[in-house]
Amino acid sequence: MSLYNADNFIEKSKMLGIDLSEEQIEKFIDYYELLVEWNSFMNLTAITDFEEVVLKHFVDSLAIYQIEVFRKNLNSSLIDVGTGAGFPGIPLKIMFPERKITLLDSLNKRVKFLNKIIEKLDMNNIEAVHGRAEDFARQKSHREQYQFCVSRAVANLSTLSELCIPFVREGGYFISYKSEKVREELSAGKKAMEILGGKMEDQLEYQLPGTDMKRSLLIVKKEKSTPVKYPRKAGTPAKEPLQN
Ligand code: SAM
């Protein structure tokens, strides 16, 4: 028997249209336990209370399930840029085990944690890689290779577009998890998306299930190939974000 009561998790996931199996719940609990254990000696998460992690990390990551084009492309490849302790990439892998997932982060300590969790949860078709998005997006094996690129809490929309859109193949999607403050970033962000070959197709605004916490998912379709000069060298997208 588990030490944790997952009723709340099950209920909130249902509010997103998700039916988690017992096996999936067990994997999330194993993930939680390792996250808290490793967090005692490295900085992985500011929140450690079970219910809070469930809501603000697990349910928050799974909220992308609301997007039909994401939900229906089950066998598509995905990269999570700046995944940190694995959000949203690991919850998405638990939710969609058949998906091929790449987790990218520039902090090697976090990548070590990710490899441990991949081993513990016995996951296949997933890799954790260490490096900067600006460098990886220039490699043939990663540039324009993914149907989806997702990212949460990494940079403002303009910078993030430059870090993410180069990974997406034409016809694929960059989906950005944002808080309600996104409005301030939208104007410069939309311009950056266009320069990089993307176009904002939709914006889903919602509340985290059972709370008044506002969230947005921005859905950007890759319409044209990204010009070769992007992304610029590591650090430049953050220092000099593309804008109007
Ligand atoms: N996405 C996770 C989440 O929502 O909990 C982590 C967010 S954390 C605030 C930002 C992460 O992005 C860090 O782990 C950092 O190392 C990574 N990061 C920042 N800039 C990056 C870059 N240019 N390329 C790859 N990773 C980057």
Side-chain angles (χ1 to χ4, degrees), residues 28 31-32 34-36 38-39 41-49 52-64 78-95 101-118 126-139 141-143 145-146 148-168 174-182 185 189 192 196 208 213-218 226 230-242:
F28 274 109
Y31 182 20
Y32 169 74
L34 199 71
L35 178 71
V36 173
W38 279 53
N39 199 51
F41 55 87
M42 69 169 65
N43 182 10
L44 289 171
T45 171
I47 53 176
T48 52
D49 170 69
E52 221 181 336
V53 169
V54 160
L55 181 68
K56 295 187 184 161
H57 286 328
F58 297 167
V59 175
D60 194 49
S61 295
L62 295 178
I64 198 171
L78 175 147
I79 183 165
D80 178 9
V81 169
T83 186
F87 303 113
I90 297 275
L92 295 181
K93 183 67 186 172
I94 299 175
M95 179 72 225
I101 292 194
T102 301
L103 306 168
L104 171 67
D105 203 276
S106 54
L107 256 189
N108 203 24
K109 283 189 300 188
R110 298 197 172 135
V111 174
K112 282 198 179 129
F113 168 73
L114 295 168
N115 279 320
K116 190 76 195 168
I117 197 78
I118 289 170
I126 180 166
E127 61 167 356
V129 287
H130 168 227
R132 297 193 64 136
E134 297 93 319
D135 301 324
F136 265 76
R138 297 209 151 271
Q139 294 178 14
S141 51
H142 292 285
R143 188 177 183 88
Q145 294 300 312
Y146 298 89
F148 291 98
C149 176
V150 296
S151 192
R152 189 186 83 152
V154 172
N156 68 62
L157 195 55
S158 178
T159 302
L160 196 63
S161 293
E162 191 168 349
L163 300 183
C164 291
I165 291 176
F167 286 106
V168 182
F174 157 46
I175 302 179
S176 169
Y177 288 70
K178 285 284 177 190
S179 70
E180 63 183 317
K181 291 187 199 115
V182 70
E185 302 175 19
L196 295 154
L208 267 187
M213 285 181 251
K214 294 195 175 119
R215 295 283 187 273
S216 291
L217 284 165
L218 306 182
T226 300
Y230 300 111
R232 292 165 293 165
K233 74 175 184 349
T236 306
K239 259 185 264 142
E240 296 162 28
L242 294 170

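Counting convention: from 1, in listed order, for ligands and their atoms alike. Since we're looking at a predicted model, the values are computed, not measured.
Taken to the nearest 0.5 Å, the OH atom of Tyr31 stands 14.0 Å off from the NZ atom of Lys93. Atoms CD1 and CG, from Ile175 and Asp80 in turn, are 12.0 Å apart once rounded to the nearest 0.5 Å.
Counting protein heavy atoms only, atom 10 (C) of ligand 1 is closest to Ala153 O, 3.5 Å. Here the protein heavy atom with the shortest distance to atom 27 (C) of ligand 1 is Ser106 OG, 3.3 Å. Closest protein heavy atom to atom 6 (C) of ligand 1: Gly82 O, 3.4 Å.
Ring planes of Phe58 and Phe87: tilted class, angle from 30 to 60°. Between His142 and Tyr146, the ring planes are parallel. Angles under 30° get that label, and only those over 60° would be called perpendicular.
Remark: the backbone N or O of Leu44 is paired with a side-chain donor or acceptor of Asn39 at under 3.5 angstrom. The closest donor-acceptor contact from the side chain of Glu162 to the backbone of Arg232 lies under 3.5 Å. Judged by distance alone, with hydrogens and angles left aside, the side-chain atoms of Arg110 form a donor-acceptor pair with the main-chain N or O of Asn43 at under 3.5 Å. Judged by distance alone, the side chain of Arg138 and the main-chain N or O of Pro231 form a donor-acceptor pair under 3.5 Å.
By heavy-atom distance, the residue among Thr159, Asp135, Asp105, Val154 lying nearest atom 20 (N) of ligand 1 is Val154. When the heavy atoms of Glu162, His57, Glu134, Arg110 are ranked by distance to atom 14 (O) of ligand 1, first place goes to Arg110.
Considering backbone and side-chain N/O of Arg152, one or more are found under 3.5 Å from N/O of ligand 1. Inclusion of Val81 in the set of residues having an N or O under 3.5 Å from an N or O of ligand 1 is not warranted.
Listed by number with element, the atoms of ligand 1 under 4.0 angstrom from any heavy atom of Ala133 are 22 (C), 23 (N), 24 (N), 25 (C). For ligand 1, the atoms closer than 4.0 angstrom to any heavy atom of Gly84 are 6 (C), 14 (O). Close contacts of ligand 1 with Thr83, meaning ligand atoms under 4.0 Å from a residue heavy atom, involve 1 (N), 2 (C), 6 (C).
Judged by the shortest distance from any of its heavy atoms, Gly131 lies inside the 4.0 Å radius around the atoms of ligand 1.
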